[in-house]
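Here's the structure we're looking at; comments come further down.
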Amino acid sequence: MAVGVRHCTIRFMELESSSLMKCSLSSSPLYRKQSVHFSNSSSQRYNQCCSLSMNGCQGDSRSPIGTVETRTLPAVSSPALAMERLNSAISDMIKSDPPPYNSGIIRLEVPIEEQIEALEWLHAQNHLLLPRCFFSGRRVASEMCINGASSHSKLVSVAGVGSAVFFTHLRPFSLDDWRAIRRFLSKKCPLIRAYGAIRFDATADIASEWSAFGSFYFMVPQVEFDELEGSSIIAATIAWDNAASWTYQRAIDALQATIWQLSSVLITVQKKNPHSHILDSTHVPGKASWDNAVKRALQIISRNDPVLIKVVLARSTRVVTAADIDPLTWLACLKVEGENAYQFCLQPPHSPAFIGNTPEQLFHRDRLSICSEALAGTRARGGSELLDLKIEQDLLSSAKDHNEFAIVRECIRRRLEAVCSSVLIEPKKAIRKFTRVQHLYARLRGRLQAEDDEFKILSSVHPTPAVCGYPTEDARAFISETEMFDRGMYAGPVGWFGGEESEFAVGIRSALVEKGLGALIYAGTGIVEGSDSSLEWEELELKTSQFTKLMKLEAPLLTRGQSRIINQNQKVQRA
């Protein structure tokens, strides 16, 4: 697929962070937004070792790219041999005449006759000061035909460093931005993809910790490692556009600079709990403020003519640990229990890493076919098969949870019907089980009238009632007034665009992590009629437990601070 690049002059857009200390519509200090300031050490490092790339949003989104190519080299037996072959191919390109096009994107790929974990390859590049990405689909992911071959290979996960071309802006993601991405993609080259994420609320002020992401951030990796079932691919991508002052020569020089820095010696990522000791942990909001927010929401929901039927309120937990938190080690631990979930990592320049282990699909497009899903209602898993079944039946029979689930399912159905010729729901209501939790679940399928309707799908289905509420705009306004932190990409679309396929998950069960500086862990829960603030708080604890179980709590913290993380092993799971 794509390629990673870095050199000595950067053209990344300067992203000015907006002030986050904006007063909300409520005059109470309870609803004052808070911004978390990560150290600027990463920014300093990027300034010291600057990067070359092109912002595709600065080109003409309506002008076709001159060429989109994938060149597949003979297969080899190891990553080291693959890098040798890739280096040789790039040297040949440097010696040859440049392509006769003012713009283009070329992917060079070398198949490897061994399945190697993409995350291990990415971990081996930890020494690089480059933007990076990782995306792992669920095991039920669709099959993809690689390079037009008659046999099908399943793409398991993708890791990338550097950006052949990236796309970002402070303005909300628009049709022109989607077109700017699509012009670099082609059905003929299905593994050239743009990976990234979009903010939950593009109209909200951007906090300092999210400033490098802008309103959206996508990247076609310069150097990419694709893990397939039974094999692997390492690829490099060159993208250029003379109209954007990014020539073929500059692009290939930048790629060569990145290739020289790569390591072909793989490092096994630790997949056991690192158990970093927590030095400090603070919830925003704290328990008292949470209770007040839920009470206020329920007062509006219970009115005779309510403007709100459901609202999803979230919490941010700032954790500082004694030892470094390596985002990739956390991600490897999450993968162990993420069989039916998406794992992702997105780290632009000047930024912490946004990582997650989300169970929720936003949509998957395969040509004209679209599928999405409704996920709502949460219970813990039982310690035994009998208890697990009892909890499952409790969830299926709960009127409160059915109400919350039906709101999500019917809202997604209506949104799909607006752009699809037909919509099928099957199953209409079932249980989806994960390692630590289980949810009510429905699957929806539809057929687009045109592939260009993809942007309509994305803008229509996000945000779903599962992460925002219903009606959408009223719920979004309540969230903006009430929540005291910037969600950023949390609960926003995270995934990839491709020439014939695209897939996005919902960026929940996620955290913003900077090595050596701690993490911000996010979780949310739906508030509907019948909700109880204490039970909803317990649900937040359950959802964040996939992260908190990776850390140990220092004993003194149990007695100080208004809101501290409770050791998950000491928390009683509710049935």
Side-chain angles (χ1 to χ4, degrees), residues 10-22 24 33 35 43 51 53-63 65 131 133 163-185 194-220 239 241 243-246 346-352 354 362-363 452-464 467-468 472-473 475-477 479-481 483 485-497 502 504 506-507 512:
I10 174 153
R11 302 187 61 83
F12 282 108
M13 178 183 297
E14 195 79 23
L15 297 177
E16 301 175 1
S17 77
S18 304
S19 169
L20 253 272
M21 297 307 292
K22 177 194 81 167
S24 70
K33 299 280 184 183
S35 159
S43 174
S51 160
S53 193
M54 167 177 62
N55 188 346
C57 291
Q58 295 175 347
D60 183 357
S61 64
R62 297 179 182 273
S63 175
I65 287 291
C133 65
S163 56
V165 55
F166 70 97
F167 308 86
T168 190
H169 209 284
L170 289 174
R171 65 168 180 258
F173 188 68
S174 68
L175 178 60
D176 280 344
D177 297 317
W178 176 78
R179 286 172 173 156
I181 294 173
R182 291 283 298 178
R183 70 192 287 254
F184 285 90
L185 309 178
Y195 295 89
I198 301 172
R199 283 176 61 82
F200 168 77
D201 185 356
T203 65
D205 290 337
I206 301 176
S208 60
E209 65 266 24
W210 290 105
S211 61
F213 289 82
S215 185
F216 58 91
Y217 183 89
F218 288 88
M219 59 183 279
V220 176
D241 187 351
S245 301
W246 189 253
L346 184 65
Q347 188 167 20
H350 312 269
S351 172
F354 180 47
L362 186 63
F363 75 88
D452 284 354
D453 288 338
E454 179 179 68
F455 176 77
K456 294 180 183 177
I457 283 287
L458 178 60
S459 57
S460 175
V461 298
H462 172 74
T464 73
V467 294
C468 181
T472 302
E473 291 310 314
R476 184 158 26 199
I479 291 168
S480 178
E481 295 170 13
E483 288 185 354
F485 65 94
D486 178 18
R487 289 193 181 190
M489 270 58 182
Y490 162 71
V494 55
W496 51 272
F497 291 110
S502 300
F504 281 83
V506 182
L512 198 60

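Please read all numbers here as calculations on a predicted model, not as lab measurements.
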Rounded to the nearest 0.5 Å, how far does [atom2] of [Y] lie from [atom1] of [X]?
X: T168; Y: M219; atom1: OG1; atom2: CE; answer: 12.0 Å
X: F166; Y: M54; atom1: CZ; atom2: CE; answer: 9.0 Å
X: R199; Y: L170; atom1: CZ; atom2: CG; answer: 9.5 Å
X: Y195; Y: L346; atom1: OH; atom2: CG; answer: 12.0 Å
X: L512; Y: S351; atom1: CG; atom2: OG; answer: 6.0 Å
X: S502; Y: L185; atom1: OG; atom2: CG; answer: 7.5 Å

Open item on the list: When you compare the side chain of L362 with that of L458, does any pair of heavy atoms fall below 4.5 Å?
Closed with: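 Result yes, sub-4.5 Å side-chain heavy-atom pair found.
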
Going by the rule side chain to side chain contact (heavy atoms under 4.5 Å, CB included), which residues pair with [X] if we only count those two or more places apart in sequence or in a different chain?
X: D452; result: W178
X: D201; result: T203, A204, R476
X: A491; result: F200, V467, R487, I508
X: S459; result: F455

TODO: Give a yes or no on whether the backbone of S163 and the side-chain of S53 come within a donor-acceptor separation of less than 3.5 Å.
DONE: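 Yes, S53 side chain to S163 backbone: donor-acceptor pair under 3.5 Å.
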
Open item on the list: My understanding is that only residues two or more places apart in sequence, or in another chain, count here; which of them pass ring-ring contact (aromatic ring centres under 6.0 Å, His included) with F218?
Closed with: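 F173, F497.
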
- [ ] Evaluate side-chain contact (heavy atoms from CB on, under 4.5 Å) for H462 paired with I198, printing each intermediate quantity in order.
- [x] CA-CA 10 Å; H462 172 74; I198 301 172; 5.6 Å; no

- [ ] Assign the ring pair F213 / F354 to parallel, tilted or perpendicular, where the plane angle (0 to 90°) is split at 30° and 60°.
- [x]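 Rings of F213 and F354: perpendicular, over 60°.
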
TODO: Before accepting this row, confirm whether a basic side-chain N of the pair D60/R183 lies closer than 4.0 Å to the acidic partner's carboxylate O.
DONE: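 No, D60 and R183 are not salt-bridged.
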
TODO: Evaluate the criterion side-chain contact (heavy atoms from CB on, under 4.5 Å) for residue pair K456 and L175; output intermediate values, then yes/no.
DONE: CA-CA 9 Å; K456 294 180 183 177; L175 178 60; over 6 Å; no

Task: Pairing residues for T464 by the side chain to side chain donor-acceptor pair (under 3.5 Å) criterion, not counting sequence neighbours - done: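 If we apply the side chain to side chain donor-acceptor pair (under 3.5 Å) test to T464, skipping adjacent residues, there are no hits.
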
